[in-house]
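Every chain is numbered from 1 and lettered A, B, ... according to where its sequence line falls, protein lines coming before strand lines. Here the structure is a predicted model, which means the values were calculated and not measured.
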There are 4 protein chains.
Amino acid sequence: MSTHDEDRTGGAGALRGAPARRTQAERRARAESALIAAAARLIAEHGSTGVTLARVGEEAGFSRGLATHYFGSKAALLARLQEAALAEAMASAAPARSGAGAAEELCGFARGCLEGVRNPTDLGRAFVVLGAEALAGASELTGAVAELDARTRAWTAEVVGQGQRDGEVRPGVDPVAFAPAFVGLLKGLVVQAAAAPEAFDVGAAVAESERWIRLALTAG
Amino acid sequence: MSTHDEDRTGGAGALRGAPARRTQAERRARAESALIAAAARLIAEHGSTGVTLARVGEEAGFSRGLATHYFGSKAALLARLQEAALAEAMASAAPARSGAGAAEELCGFARGCLEGVRNPTDLGRAFVVLGAEALAGASELTGAVAELDARTRAWTAEVVGQGQRDGEVRPGVDPVAFAPAFVGLLKGLVVQAAAAPEAFDVGAAVAESERWIRLALTAG
Amino acid sequence: MSTHDEDRTGGAGALRGAPARRTQAERRARAESALIAAAARLIAEHGSTGVTLARVGEEAGFSRGLATHYFGSKAALLARLQEAALAEAMASAAPARSGAGAAEELCGFARGCLEGVRNPTDLGRAFVVLGAEALAGASELTGAVAELDARTRAWTAEVVGQGQRDGEVRPGVDPVAFAPAFVGLLKGLVVQAAAAPEAFDVGAAVAESERWIRLALTAG
Amino acid sequence: MSTHDEDRTGGAGALRGAPARRTQAERRARAESALIAAAARLIAEHGSTGVTLARVGEEAGFSRGLATHYFGSKAALLARLQEAALAEAMASAAPARSGAGAAEELCGFARGCLEGVRNPTDLGRAFVVLGAEALAGASELTGAVAELDARTRAWTAEVVGQGQRDGEVRPGVDPVAFAPAFVGLLKGLVVQAAAAPEAFDVGAAVAESERWIRLALTAG
DNA sequence: CATGAATGAGTATTCATTCAT
DNA sequence: CATGAATGAATACTCATTCAT
């Protein structure tokens, strides 16, 4: 195909060749994205049981068979979806150090997490749902969730340790024990909010959580 | 059949009638319990997808049709299971006040929760699994989980408020904001531990959490 | 693409034109052969169910769509394959008369058949498989197999008749009745050997068969 | 049905338990037989590819799902069918010794086989078809076919050996080498006749085969 | 009361085929 | 000419549910 284009366009062949290929590839990539987005939407709304390959195809505006055609199996589709969702989650899991103090950095992360609860993306919700279902142990996502947790804990412990070296954090604090409590506090809030967003004042809960974090870093 | 026989045997009807009925009712109750226990086991091990009415019957040592016969539909069986699991969970959700101080009461509850992670019951695991799947909103369990959370938060706030009236808890603390942070901390730890029990030191994390709770109750 | 290049390079058109076309035709013929060979391989290994148009293309080292592009439909591909396999089989079905005596000619043919069992070609195996499946009557190959049998019988009868005219074969033998027995003996041995090559001594069986054939030609 | 009868016949209550069960079991057994018969019919006519679980159910006069319900998978259904067909085939494969002479016994068997070609049962045709398809090596029937062949060869060798001990068969004949030739002759005739019943005179071919067999047993 | 036979709807998956590039 | 994107029909298999015994 690139040859055809080059044959036609003549001169600027060097630039044209790629687009021709990209057209097919683009079509494919675009359709794949659409399918994954559709799958995320469906999972976010109906759980992974509510997702069928046929529905994914139709939700994305294609035929019933396309999702199967691309991903081969439902498991593969879910795997791809998890990959995408995990990448999105990972991006925020261990953010680059901002250079602010430890307390500020941790509290900023906490606010970011809860903000994600208020304006969730389909992919984010799908990740939560899949992660939750993975608790049954049936899924391969279990490992991914565990890794994400571990990564966030490691980042937390590092921030706390740095705060100690900077003299901001009380020396008696054990960064390694601190981390799971911190991660737990956030996860627990997120899960509560996900189950019943209106049942309590999320803003106040975040503020209270920040109070806890600052106390845990500095008080004895 | 045994009823038929006993009905027919007539004679000592006055004496026989009640026991016979109780025997029937007991048998029924016993079989139902066995079915629910089997369902809990299956869900705990294979997730809610792995549960079929036929398998429940066989897992319980009965025929393939019995679960349908008793519960009528799969939805009804799951509802009954949720009910049972919820009852078990509720029992520990808002424990009777022990009379100890607020900090001690909350920390004791925290230790109890994490203990539950270490020695889980089938019903408990089934509840976690169903609750997790309920996040998708597809299930009717969502409401139950939310109610459980709410109840635990209410209990927490009450304990904190009582602590303030007793002078043990710092007056500046807002019990209503405190509660979701407390519940979140526990839920988050439980979920982390459920996903990867060996990934971190649960005991140390619990100790650290107690430190946080005591600080949040008393420090400024 | 190389053709395009050649088309474009123009210049020596008179000389280039024909070769270019021949190259095209050759390429096509070569690709078709490769596709048919790939199909034969797949059928020989996995039965006709294991053959898909896409797999044939890939097995041959081309794209998934090429087999469809060339043959139009699966039926057409199988037809072409059968044609090719039949041609190969026919070549040995009624070999040119060697000029040896009838007994020697028939025994030589028998040895050749059994040799084919030991070193089968993909095309040969595909023919056996397709022919076997054709027994159900679903395929159009049934006729081809029958024709092949008929042709071999005709050749056999002719060899026997010639043997009678040469005085080598006993006059009482009916060539037309002799033929199906001869063909049956060979087919039956081939099939037995194909089903379980190690279950009996093929060499001894061939020797015994030769004894039968010589006796049937000469003894009373 | 039998229950109805017995219900009507009254009296013999002690006999009641079993029949009730038998009715269910009978229903099942009858339906299973009907399904297998339907499957045999379909395979005989359309080959194993033409057999669908749904079609089997409908052909048998039941629902589309019943075959799956009973046999669990298509492979299992085919296995059951093979079992049944093999049992039928085995029954004639190594018949009880008739006490007649070796030649008579073998020729009688040959006539029986060819007779089976003229009046085939669905199960018999299904066996031939499945056996033929098994040549591709994909099926598990390959082993069954091989075993059937081996058994027939063993019976043949035994008959020949006994004939030698009786002085009817020439001592120089090797029973073990004789057997595959004999079995091959029959199989080959059967296959030729199956492919094209009208293409040659089966009766004459059988007579000629008998001539071969008698010669092979007695002539030098 | 209890069993299990029978049904049929739903779903994943395969694959020939059509069509755009 | 060649690739591969997209479709849709066919089919194996699962399972809740109904019904006969």
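Using a 4.0 Å cut-off, no side-chain N or O of Tyr70(B) falls inside it from OP1 or OP2 of dC1(E). For the pair Arg55(D) and dT11(F), the criterion of a side-chain N or O lying under 4.0 Å from OP1 or OP2 is met.
Here the OG1-CG distance, from Thr68(D) to Leu35(D), works out to 10.0 Å after rounding to the nearest 0.5 Å. Atom CG of Leu130(C) is separated from atom CD1 of Ile43(C) by 4.0 Å, given to the nearest 0.5 angstrom. With rounding to the nearest 0.5 angstrom, the NE2 atom of His46(C) is 11.0 Å from the OG1 atom of Thr52(C).
Phe71(D) has its CZ atom 15 Å from the P atom of dT14(F), to the nearest Å. One interatomic measurement links the two molecules: CG of Leu78(C) to C1' of dA16(E), which rounds to 12 Å at whole-angstrom precision. Nucleotide dT21(E) holds its P atom 21 Å from the CG atom of Leu66(C), rounded to whole Å. Computed from coordinates, the Glu32(D) CD to dG4(E) C1' distance equals 14 Å when rounded to whole Å. Between Arg28(A) atom CZ and dT21(E) atom C1' there is a gap of 15 Å when expressed in whole angstrom units. Per the geometry, CG belonging to Leu77(D) stands 15 Å off P belonging to dT11(F), to the nearest Å. Taking atom CD on Glu58(D) and atom C1' on dG8(E), their separation rounds to 11 Å, with Å as the unit. Regarding Arg30(D), its CZ atom lies at a distance of 15 Å from the C1' atom of dA20(F), rounded to whole Å.
Searching all strands for a Watson-Crick or G-U wobble partner of dA2(E) with both distances below 3.5 Å returns dT21(F). Checking dT11(F) for Watson-Crick or G-U wobble geometry (two distances, each under 3.5 Å) identifies dA12(E) as its partner.
If you check every strand for non-hydrogen atoms under 4.0 Å, Val56(A) touches nothing.
The residue among Gly61(C) and Thr52(B) whose nearest nucleotide of DNA chain F is located toward the 5' end is Gly61(C). Heavy-atom nearest nucleotides on DNA chain F were determined for Gly65(C) and for Val51(D), and the one closer to the 5' end corresponds to Gly65(C).
Put simply, the side chain of Glu59(B) does not reach to within 4.5 Å of the side chain of Val56(B), judged on heavy atoms. Residues Phe71(D) and Ile36(D) form a side-chain contact, since some pair of their non-hydrogen atoms from C-beta on lies under 4.5 Å apart.
Relative to the side chain of His69(C), the nucleotides dT7(E), dG4(E), dA2(F) differ in distance, and dA2(F) lies closest.
With respect to the salt-bridge test (charged N to carboxylate O, under 4.0 angstrom), the residues Arg30(A) and Glu26(A) qualify.
In this structure, the salt bridge (Lys or Arg N to Asp or Glu O under 4.0 Å) partners of Glu32(D), at least two apart in sequence or on a different chain, are Arg28(D), Arg80(D).
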List, with names and distances, any nitrogen or oxygen atoms from the protein found under 3.5 Å away from nitrogen or oxygen atoms belonging to nucleotides 17-19 of chain E.
from, atom 1, to, atom 2, distance (Å)
dT17(E), OP2, Lys74(C), N, 3.0

